[in-house]
Amino acid sequence: MVLQCQLLQKKKATLLKMYNAYESFNDTIDSAISILSEVEVFIQEMNELDKQLSESEIQTFSDDYRDVWKEVIVKHKELITLIATENQTVKGQMNQVNKKNQMINGYMDQNQSMFLDRQA
């Protein structure tokens, strides 16, 4: 019983660390990536703790901290959305650069035939 209580306390502390990590987000991509890496470790820790707890203890814990879980999920979705948006922006910029390079290469290919080889 004491071990179970200690495990639940560790799980609670881990959940709160996860929540605090999301709260430290400062609206940058680097921050989002860093937080998601940090949270991944917390999730692994919680999974290890869950292996040592009964289903009823896990359910009770989830019910007791439902509001925190909801907030964590909302923050997680925000970070994922930010990263997806940034990904689309970077893809668009890369397409623009590729189009510019294609245009330059096309122009260079067209103009190569116009130059005479003076050594011929």
Val72 and Tyr22 have their tightest heavy-atom pair at CG1-CE1, 3.6 Å
Derivation of the side-chain hydrogen bond (donor to acceptor under 3.5 Å, both in side chains) call for Glu78 and Thr81: CA-CA 5 Å; Glu78 286 176 12; Thr81 301; over 6 Å; no
Quick one, Val90 with Glu86, criterion side chain to side chain contact (heavy atoms under 4.5 Å, CB included). Give me CA distance, side-chain angles, the key distance, then yes/no. CA-CA 6 Å; Val90 169; Glu86 184 67 19; 3.9 Å; yes
Rounded to the nearest 0.5 Å, what's the gap from CG on Asp30 to OG on Ser34? Could you check? 8.5 Å
Check for a donor-acceptor pair, side chain of Asn87 on one end and backbone N or O of Ile83 on the other, with a separation under 3.5 Å. no
Minimum heavy-atom separation for Thr28 and Leu82, please, with both atom names. O-CD2, 4.1 Å
Less than 4.5 Å apart, any side-chain heavy atom of Lys12 and any of Leu8? no
OG1-CD1 distance between Thr85 and Ile29, expressed to the nearest 0.5 angstrom: 8.0 Å
Rounded distance (nearest 0.5 Å) linking atom CD1 of Ile58 with atom CD of Gln52: 10.5 Å
Once rounded to the nearest 0.5 Å, what's the spacing between atom NZ of Lys91 and atom OG1 of Thr89? 11.0 Å
Is it possible for you to say whether Ile43 and Ile73 belong to one hydrophobic cluster, with membership spreading through side-chain heavy-atom contacts below 4.5 Å? no
Here the pair of heavy atoms bringing Arg66 nearest to Gln59 is NH2-NE2, 4.4 Å
Look up atom CG in Leu7 and atom CG in Leu3, then write down how far apart they are to the nearest 0.5 Å. 4.5 Å
For a quick test of reading the model, state the closest non-hydrogen atom pair linking Ser31 to Ser24 and the distance between them. OG-O, 4.2 Å
Quick one: CD on Glu40 to CG on Leu36, what's the gap to the nearest 0.5 Å? 8.5 Å
Looking only at heavy atoms, what is the nearest atom pair of Ile35 and Ala21, with distance? CD1-O, 3.3 Å
Tell me, with the steps shown, if Glu45 and Glu48 meet side chain to side chain contact (heavy atoms under 4.5 Å, CB included). CA-CA 5 Å; Glu45 288 176 20; Glu48 288 301 314; 5.8 Å; no
Counting C-beta onward and ignoring hydrogens, is there a side-chain heavy-atom pair between Trp69 and Phe61 closer than 4.5 Å? yes
Examine the side chains of Glu57 and Thr60 and answer whether a donor and an acceptor come within less than 3.5 Å of each other. no
Hey, is the main chain of Lys10 close enough, under 3.5 Å, to the side chain of Thr14 for a donor-acceptor pair? yes
Taking Leu15 as the starting point, is it possible to reach Val41 by hopping between hydrophobic residues whose side chains are less than 4.5 Å apart? no
Answer yes when Lys11 and Asp50 have at least one side-chain N-carboxylate O distance shorter than 4.0 Å, and no when they do not. yes
Does the pair Met46 and Met18 meet the rule for a side chain to side chain contact (heavy atoms under 4.5 Å, CB included), with working shown? CA-CA 10 Å; Met46 292 180 84; Met18 187 186 317; 3.4 Å; yes
